[in-house]
Amino acid sequence: MTTVDRPGAGTVELRPVDADTFRGLLRRQASTVTVVTTPGLSGGRHLPSLPPAGFTATSFTSVSLDPPLVSFCLGRESSSWPTVARAEHVAVHLLASGQQEVARIFATSGIDRFAAHPGWDAGPFGVPLIGDALAVLLCRVVRRIEAGDHTLVLAEPLALSAGEDGDPLVHHRGGYTTTLGAWPETW
């Protein structure tokens, strides 16, 4: 146990960081839910062919406006990682509040996610595009940065598509929820 004196706040106890405690604390952060997809890849001289990949991510964020850049993280033990590791293009889908089933399917291991969710079409570069999302960003991967057991993927949006405006799907405390909408003018 470590204690830290904070002026005006007294002594604060800081616990060692272990994976379970860290995961528990991160569950307190609300995150928008996205699904990232990438096309399958043809095999090459020393590379196998890979199926299309798609996964649910809550690690999506904007990085830069000039140039436009976004990022997401993916564990290198994920079944989607081999395809994402070689992908040139991805699509990031910001899910709407009613798309819990889409999020659940793309978060499930050991299934053909595209067969389980037939609501997608092939877009530019063969990237699978999921229907009814609040927004879709078609991106070119510009860099991959190893970070612990995950890789941070930086991507440049090439095209944007906005669906109907609505409330986003949010992940909080291990489950799905949504926002309450705008605050009333008088509180």
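Because the structure is predicted, anything quoted here is derived from the model rather than measured.
The minimum heavy-atom distance between Thr56 and Ala107, with the atom names listed, is OG1-N, 3.3 Å. Across Thr178 and Pro168, no two heavy atoms sit closer than the pair OG1-O, 2.7 Å. Contact record, Ser64 with Pro67: OG-O, 2.7 Å, taken as the closest heavy-atom pair. Pro128 and Phe114 make their closest contact through CB-CE2, 3.5 Å (heavy atoms, listed as atom of the first residue, atom of the second, distance). For the residue pair Arg113 and Ser80, the shortest heavy atom distance occurs at NH1-OG, 3.1 Å. Across every non-hydrogen atom of Val33 and Val170, the tightest pair is CG2-C, 3.8 Å.
Within a 6.0 Å sphere centred on CZ of Arg143, other residues, nucleotides and ligands contribute 12 heavy atoms or fewer. Atom CG of Asp112 sits in a crowded spot, with more than 12 heavy atoms from other residues, nucleotides or ligands closer than 6.0 Å. For CD of Glu88, the number of neighbouring non-hydrogen atoms (other residues, nucleotides, ligands) closer than 6.0 Å is 12 at most.
Of the options Leu137, Leu169, Val136, a side chain to side chain contact (heavy atoms under 4.5 Å, CB included) to Leu94 is made by Leu137 and by none of the others.
Looking at Pro157 and Cys139, their side chains come closer than 4.5 Å, going by heavy atoms from C-beta outward. In this structure the side chain of Thr34 never reaches within 4.5 angstrom of the side chain of Phe72, judged on heavy atoms.
In the hydrophobic clustering of this structure, Phe55 does not group with Tyr176; members are Ile, Leu, Val, Met, Phe, Trp, Tyr whose side-chain heavy atoms approach within less than 4.5 Å, directly or through other members. By the rule that hydrophobic residues join a cluster once side-chain heavy atoms approach within less than 4.5 Å of another member, Leu134 and Leu95 end up as members of separate clusters. When the side chains of ILVMFWY residues are joined at heavy-atom separations under 4.5 Å, either directly or via intervening members, Leu69 and Leu158 end up in two distinct hydrophobic clusters. In the hydrophobic cluster analysis, where Ile, Leu, Val, Met, Phe, Trp and Tyr join through side-chain heavy atoms closer than 4.5 angstrom, Val70 is grouped together with Val90. When hydrophobic clusters are built by joining Ile, Leu, Val, Met, Phe, Trp and Tyr residues whose side-chain heavy atoms come closer than 4.5 Å, directly or via intermediates, Val142 is not grouped with Leu138.
Between the side chain of His171 and the backbone N or O of Ser31, no donor-acceptor pair lies under 3.5 Å. For Thr37 (side chain) and Leu129 (main-chain N/O), no donor-acceptor pair under 3.5 Å exists by modelled atom type. The main-chain N or O of Arg104 is found under 3.5 Å from a side-chain atom of Thr108 such that the two form a donor-acceptor pair. Counting only distance, with no hydrogens or angles, the side chain of Gln99 and the backbone of Gly131 share a donor-acceptor pair below 3.5 Å.
Here the CZ atom belonging to Phe106 is positioned 8.0 Å from the NE2 atom belonging to His93, to the nearest 0.5 angstrom. Separation of atoms CG (Leu74) and CZ (Arg144) is listed at 10.5 Å; rounding is to 0.5 Å. Thr179 contributes atom OG1, which lies 13.5 Å from atom NE2 of His172 (distance to the nearest 0.5 angstrom).
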Donor-acceptor pairs under 3.5 Å, side chain of residues 145-156 to any protein atom, not counting sequence neighbours: which ones?
| from | atom 1 | to | atom 2 | distance (Å) |
| --- | --- | --- | --- | --- |
| Thr151 | OG1 | Arg76 | NH1 | 3.2 |
| Glu156 | OE1 | Arg140 | NE | 3.1 |
| Glu156 | OE1 | Arg140 | NH2 | 2.7 |

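A parallel orientation is assigned to the rings of Phe125 and His89, their planes being inclined by less than 30° (bins at 30° and 60°).
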